[in-house]
*Asks:* 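Take a look at the following structure, please.
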Amino acid sequence: MFLNGLDVNYVSLMEETGLKWRDEDKREIDDLFSFFRCKGANCLRVRIWVGDSGPSRLPYAMNLAENACRVDLKVQPTIFLSDSWADLYKQPEPESWTSLDLQDKLGLIESYIYEVVKKLMPIKDRCEYYQIGNEIDHGICGIFAYDKKKRKDSRWLKKHIWSYEAAVLKEAVRALRIHGNETPIALHLGKWWDIPLATSFLSAMDEFNVEYEIICFSFYPTMSGANFVPLRQFKETAEDRGKNVAIAEYAYPSNFVKGQFWYMNKPSPGYPLTLEGQSLWIRDFLAQCLKLNIYGAFYWSPELYLTKNHARRWSVPKEMPLGFGWGPMSFFDERGYAKPCVNSLKYGAQSDLWQKMCRDQVE
């Protein structure tokens, strides 16, 4: 079954501030999880940071997961080995781990993962796969290629970064195999436009005997104006290793993006940065995923409709800002009203009828 997924980790924080969402008929949405379920979503990507309190830490994440399961959504736990954001441009270890050497960090990983899996145990049958880390091309858990020039040298990366990263991943996989039973495990790469780098990374992980079943990629086409060709490249890269492929994050804007992601403003051919263009792109993207038999795809933060200026009114934890300019990517306009693109989710639904319609779109 195709995982027609969403990453809506801001929901609880937005609800706490009193923010609302409204449907196409301008009615207030009482339960955003049910709303998305009815639109065709079937899985929630849950971000889990190290820590006991605050956004994305385990109690917060469990609340999201339980709400998802309540409306019959599946769950995809993403286990960060950090206590804050970790991505293609940074990979910090938890603050309490900063004074530890690699061996000491490895010693903490099993107990941390055991804690996560134990909390997830009541909904274990709803967990589709575990993802270890987030956009780990250049490192994980404090192991990171800080020199931008060196990031382009796969031989240097293999010797100075990936060999140590592999040790972390192997320990995390070992802990999940012990405590998480046979649930599949995924690795997530963020530099989706650099297939040679992905190939080098995956070859290194194979050489270092890192076990996993799914390769995930981020996919933000308006960084470069890309078409859907990369999806086939992702699929081929995974098939070469006998793995499944999933899209851990994707999004497409309905307007020009400002703020932190100002560079995501190059439209894909045939898909203008308009409400209609956003809807059509999501429809055709999901159709392509079904045609290519991609394992799943997760839209990143469709709930986060605030603009940079709009968000200044809200007091939120500094590690989870709301006003970094994601509004054009959202499924809701800056007043919280649903955009037409919410109805494009149905093209990732799994009825025979929808699958046939989706495939017909790309034949």
*Asks:* Applying salt bridge (charged side-chain N to carboxylate O under 4.0 Å, His left out), run through D87 and K90 and close with a yes or a no.
*Replies:* CA-CA 5 Å; D87 52 46; K90 56 188 175 296; 2.7 Å; yes

*Asks:* Under a 4.5 Å cut-off applied to non-hydrogen side-chain atoms, are W49 and M320 in contact?
*Replies:*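 Of all side-chain heavy-atom pairs linking M320 with W49, at least one is under 4.5 Å.
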
*Asks:* Judged by atom type as modelled, is there a donor-acceptor pair below 3.5 Å linking the side chain of Q131 to the main-chain atoms of G133?
*Replies:*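 Present.
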
*Asks:* Treating R126 as the side-chain partner and E66 as the backbone partner, does any N or O pair qualify as donor plus acceptor under 3.5 Å?
*Replies:*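 No, the answer is negative, given that no donor and acceptor are paired below the 3.5 Å cut-off.
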
*Asks:* Counting N and O atoms only, with roles assigned by atom type, does the side chain of D25 sit under 3.5 Å from a partner on the main chain of R27, one being a donor and the other an acceptor?
*Replies:*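 No, because the side chain of D25 does not come within donor-acceptor range (under 3.5 Å) of the backbone of R27.
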
*Asks:* For D137, is there any backbone N or O sitting under 3.5 Å from a side-chain donor or acceptor partner on W162?
*Replies:*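 Checked: pair present.
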
*Asks:* Is the ring centre of Y299 less than 6.0 Å from the ring centre of Y250?
*Replies:*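 When the ring centroids of Y299 and Y250 are compared, they turn out to be within the sub-6.0 Å range.
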
*Asks:* Where the side chain of T78 meets the backbone of R47, is there a donor-acceptor pair that is under 3.5 Å apart?
*Replies:*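 Looks like no, no N/O pair under 3.5 Å.
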
*Asks:* Would you please name every residue forming a ring pair (Phe, Tyr, Trp, His ring centres under 6.0 Å) with F298, sequence neighbours left out?
*Replies:*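 By the ring pair (Phe, Tyr, Trp, His ring centres under 6.0 Å) rule, F298 matches no residue at all.
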
*Asks:* According to a 4.5 Å side-chain heavy-atom criterion applied to Ile, Leu, Val, Met, Phe, Trp and Tyr, with indirect links allowed, do L273 and Y220 form part of one hydrophobic cluster?
*Replies:*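 Yes: a chain of side-chain contacts under 4.5 Å links L273 to Y220.
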
*Asks:* Run the salt-bridge test on K118 and E115 with the 4.0 Å N-O cut-off and return the result as yes or no.
*Replies:*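 No salt bridge links K118 with E115.
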
*Asks:* Is the distance between the ring centroids of F219 and W192 less than 6.0 Å?
*Replies:*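 They qualify: ring centres under 6.0 Å apart.
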
*Asks:* Any Lys/Arg nitrogen of E213 or R177 sitting under 4.0 Å from an Asp/Glu carboxylate oxygen of the other?
*Replies:*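 Looking at R177 together with E213, the answer is yes, because their closest N to O distance falls below 4.0 Å.
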
*Asks:* Taking the basic N atoms (NZ, or NE/NH1/NH2) and the acidic carboxylate oxygens, is any pair closer than 4.0 Å for R45 and E249?
*Replies:*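 Yes, R45 and E249 are salt-bridged.
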
*Asks:* Answer yes if Y114 and M121 sit in the same cluster of Ile, Leu, Val, Met, Phe, Trp and Tyr residues linked by side chain heavy atoms under 4.5 Å apart, and no otherwise.
*Replies:*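 Shared cluster, no.
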
*Asks:* Check F256, W300, W326 against F261 for a ring pair (Phe, Tyr, Trp, His ring centres under 6.0 Å) and give me the one that passes.
*Replies:*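 When F256, W300, W326 are each tested with F261, the ring pair (Phe, Tyr, Trp, His ring centres under 6.0 Å) holds only for W326.
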
